[in-house]
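All figures in this text were calculated on a predicted structure; none of them were measured in a lab. Lettering follows sequence order; numbering is per chain, from 1.
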Number of protein chains: 2
Amino acid sequence: MDRDAERPRERGPRVATSEGLEALSGLRGALERSSTAERVADALRERIIDGALAPGARLSEEALGQALGVSRNTLREAFRLLGHERLLVHRFNRGVFVAEPELADVVDLYRVRRALELDAVRRADRSPKGAVARVGAAVEEGEAAAGRGDWWGVGTANMRFHQALAALADSPRTDEVVRRLLAELRLVFHAMAAPRDFHVPYVALNRRIHRLLEEGRLEEAAEELSDYFDVAERQLVEAFSEEPEGVGEPDPR
Amino acid sequence: MDRDAERPRERGPRVATSEGLEALSGLRGALERSSTAERVADALRERIIDGALAPGARLSEEALGQALGVSRNTLREAFRLLGHERLLVHRFNRGVFVAEPELADVVDLYRVRRALELDAVRRADRSPKGAVARVGAAVEEGEAAAGRGDWWGVGTANMRFHQALAALADSPRTDEVVRRLLAELRLVFHAMAAPRDFHVPYVALNRRIHRLLEEGRLEEAAEELSDYFDVAERQLVEAFSEEPEGVGEPDPR
DNA sequence: GATCGGTGAATTGTTCAACAATCCTCATGA
DNA sequence: TCATGAGGATTGTTGAACAATTCACCGATC
């Protein structure tokens with residue numbers, strides 16, 4: 001075989017990059033054409049996260065492919081994308097299903113989040129500029145949503161809050177891992193009874209943590225966050241224990 | 001407390017599950033036939049990790065597919081799999097390449113590892129039985145490899161050591177994340193000059209950490225590990241900085 | 001009546017061939 | 001030297017096909 005594979009040619013054509021052009025680099029993401037598989041994955045992710053596709057539901061390749069107007073092969077690529085995010089589980093020869101987090105998953109989710117987010121908060125003094133401000137923005141978003149009684153919006157803002165906390169670590173990999181954990185957590189919320197009462201109380205807590213961050217009292221912020229996790233996890237575990245879960249899942253056949 | 005393990009709906013046939021059957025559940029993984037894509041991914045992963053496929057190498061769909069005797073579609077599935085592990089990078093309309101970690105990746109890698117592994121060590125008192133022993137096994141494996149001058153084996157044992165440390169957290173997600181980080185780190189080693197001198201000194205350090213773990217002196221173990229990270233990271237960063245290897249690395253667009 | 005076993009439809013796993021879209025190389029011309 | 005196309009090579013995506021597997025249904029048996 002080709003052991004010694006060809007490396008991409010170095011020293012490519014070096015275009016005259018005036019510094020002004022650098023400003024455009026931000027647009028790159030927008031211009032970047034995405035593959036159909038990715039767009040399909042985006043669409044499905046949305047449906048899963050907002051609950052249109054319930055946990056445990058099976059996603060038929062043929063039916064979905066026809067509905068979305070893509071081929072089975074492309075759809076499979078999208079499935080794999082979401083499988084990696086743990087939103088779908090792929091069972092060999094059996095198909096893909098929307099993931100059904102169980103109690104053990106909830107506990108595990110919080111274990112990893114605790115490690116990563118606490119570490120991020122503790123090193124917030126070395127965070128890039130604007131990172132703490134973004135935490136504040138998420139707090140305000142949550143307060144606004146709570147003000148107009150939009151509890152789903154509160155949940156979304158809450159996610160953004162924690163994503164912003166993770167971003168304090170200034171680490172792309174931390175960002176990615178936490179994003180995945182939070183998406184999974186959304187799935188957990190669908191399995192519990194009263195998401196309204198779950199999200200809302202944390203608005204005030206978020207505000208407190210942000211204030212501590214702004215004042216540079218990182219250790220206190222970390223402790224506050226740790227308590228936060230304790231409470232939230234316990235609440236989720238309770239909700240999961242009493243909940244008989246998955247009642248009346250009609251299998252469409 | 002044992003929820004439905006894998007079947008979404010199971011109402012009717014309740015087999016008399018004697019407790020003895022539970023013991024078999026461990027075998028399930030072994031029986032599970034893997035898809036061709038997964039096997040292809042395994043083969044490629046091996047070649048990447050042991051260096052047969054150098055960082056930056058481009059993997060042609062047609063050529064590789066023919067060489068491995070699988071269709072392009074299946075090969076693409078395997079590419080996706082390895083892309084998620086960050087061993088391959090997929091550039092739209094351009095193909096897949098073996099990842100080329102840069103300095104920033106090294107730093108990021110260590111940042112996440114530090115957070116997760118330190119957290120795991122600190123909660124080692126709540127680890128499942130045998131977890132600390134597995135750390136010890138990795139230490140001995142490293143010592144044996146060092147004894148016979150097998151520095152690549154030392155590197156492998158080192159990976160296993162850190163994987164075992166992460167396992168102290170008793171968290172499947174931590175395991176998975178760390179496994180991915182370590183695989184990526186292997187790639188980094190290929191880009192540096194003298195891996196021999198890099199791995200060997202840590203054998204003694206691993207032994208010290210394991211001893212502290214056994215004695216339950218977790219905080220000291222964590223501190224030792226933290227120093228470990230400091231040294232290793234600095235060494236890697238240096239190796240990356242002086243290394244002329246990456247010169248003329250054209251920024252991928 | 002419940003369990004076991006087989007039959008057949010439905011679904012997934014995998015391959016193949018084809019075409020469109022895109023990128024890369026290279027020759028050409030100013 | 002630099003820009004410009006044209007052509008070839010490679011990837012993105014589709015649709016169809018077939019093998020392999022699962023699942024639901026239906027008797028046969030005790």
Side-chain angles (χ1 to χ4, degrees), chain A residues 2 5-18 28 31-43 56-83 88-97 249-253, chain B residues 6-18 28 31-43 56-83 88-97 250 252-253:
Chain A
D2 45 347
E6 342 113 43
R7 308 179 72 111
R9 294 286 172 275
E10 11 247 330
R11 197 128 335 197
R14 183 150 284 143
V15 181
T17 43
S18 93
R28 207 170 48 193
L31 297 198
E32 210 154 284
R33 288 171 305 274
S34 56
S35 73
T36 6
E38 273 164 23
R39 275 180 316 230
V40 169
D42 289 343
R58 193 171 84 90
L59 275 54
S60 153
E61 294 189 353
E62 180 116 20
L64 248 186
Q66 205 148 351
L68 296 173
V70 298
S71 83
R72 266 181 68 206
N73 282 326
T74 304
L75 187 58
R76 276 163 145 273
E77 290 214 12
F79 281 168
R80 224 146 286 117
L81 245 26
L82 295 171
L88 297 181
V89 295
H90 184 144
R91 292 202 264 261
F92 195 76
N93 271 327
R94 227 163 293 165
V96 298
F97 303 79
E249 191 84 40
D251 210 286
R253 177 126 334 267
Chain B
E6 48 175 345
R7 278 150 295 268
R9 203 84 337 197
E10 183 116 14
R11 185 143 303 254
R14 178 159 291 131
V15 181
T17 45
S18 87
R28 211 171 45 196
L31 298 198
E32 210 154 283
R33 283 174 311 274
S34 56
S35 73
T36 7
E38 272 164 20
R39 275 179 317 227
V40 169
D42 289 343
R58 180 163 158 272
L59 275 52
S60 153
E61 293 188 355
E62 179 113 23
L64 248 186
Q66 204 147 353
L68 297 173
V70 300
S71 82
R72 269 180 66 206
N73 281 328
T74 304
L75 187 58
R76 275 162 145 274
E77 292 205 12
F79 282 167
R80 243 347 122 138
L81 247 28
L82 294 172
L88 297 181
V89 295
H90 183 128
R91 291 203 263 260
F92 193 75
N93 269 327
R94 227 163 292 165
V96 299
F97 304 79
R253 185 143 17 278

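Counting only heavy atoms from C-beta outward, the side chains of Glu38(A) and Leu81(A) approach each other to under 4.5 Å. Between Leu59(B) and Phe79(B) the shortest side-chain heavy-atom distance falls below 4.5 Å. Counting only heavy atoms from C-beta outward, the side chains of Val89(A) and Val96(A) never approach each other to under 4.5 Å.
Scanning both residues, Ala78(B) and Ala41(B), for their nearest heavy atoms gives CB-N, 3.9 Å. Taking every heavy atom of both residues into account, Ser35(B) and Phe92(A) meet most closely at CB-CE1, 3.3 Å.
One atom, CD of Glu62(B), and another, C1' of dA9(D), lie 10 Å apart when rounded to the nearest Å. Distance CD (Glu77(A)) to P (dT14(D)): 10 Å, rounded to an integer number of Å. Rounded to whole Å, the distance from CZ on Arg58(A) to C1' on dT22(D) is 10 Å. Computed from coordinates, the Phe79(B) CZ to dT11(D) C1' distance equals 11 Å when rounded to whole Å. To the nearest angstrom, P of dG15(D) lies 10 Å from CD of Gln66(A). Taking atom CG of Leu75(B) as the reference point, atom P of dG13(C) lies 17 Å away to the nearest angstrom. What separates CG of Leu59(B) from C1' of dT11(D) is a distance of 14 Å, to the nearest Å.
For dT10(D), the OP1/OP2 oxygens have no side-chain nitrogen or oxygen of His90(B) closer than 4.0 Å. At the phosphate of dA21(C), neither OP1 nor OP2 sits under 4.0 Å from any side-chain N or O atom of Arg94(B). For Thr36(B) and dT14(C), the shortest distance from a side-chain N or O to OP1 or OP2 is below 4.0 Å. Look at Arg76(B) and you won't find any side-chain N or O under 4.0 angstrom from OP1 or OP2 of dT10(D).
Residues satisfying the side-chain contact (heavy atoms from CB on, under 4.5 Å) test with Thr36(A), not counting sequence neighbours, are Arg39(A), Thr74(A). Remark: Gln66(A) engages Glu62(A) in a side-chain contact (heavy atoms from CB on, under 4.5 Å) (not counting sequence neighbours).
Comparing dT14(D), dT22(D), dG12(D) by their nearest atom to the side chain of Asn93(A) picks out dT22(D).
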Please list each protein N or O that sits under 3.5 Å from an N or O in nucleotides 16-18 of chain D, with the distance.
| residue | atom | partner | partner atom | Å |
| --- | --- | --- | --- | --- |
| dA17(D) | N6 | Arg72(A) | NH1 | 3.4 |

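For the pair Ser71(A) and Gly95(B), nearest-nucleotide mapping onto DNA chain D gives the more 5' position to Gly95(B).
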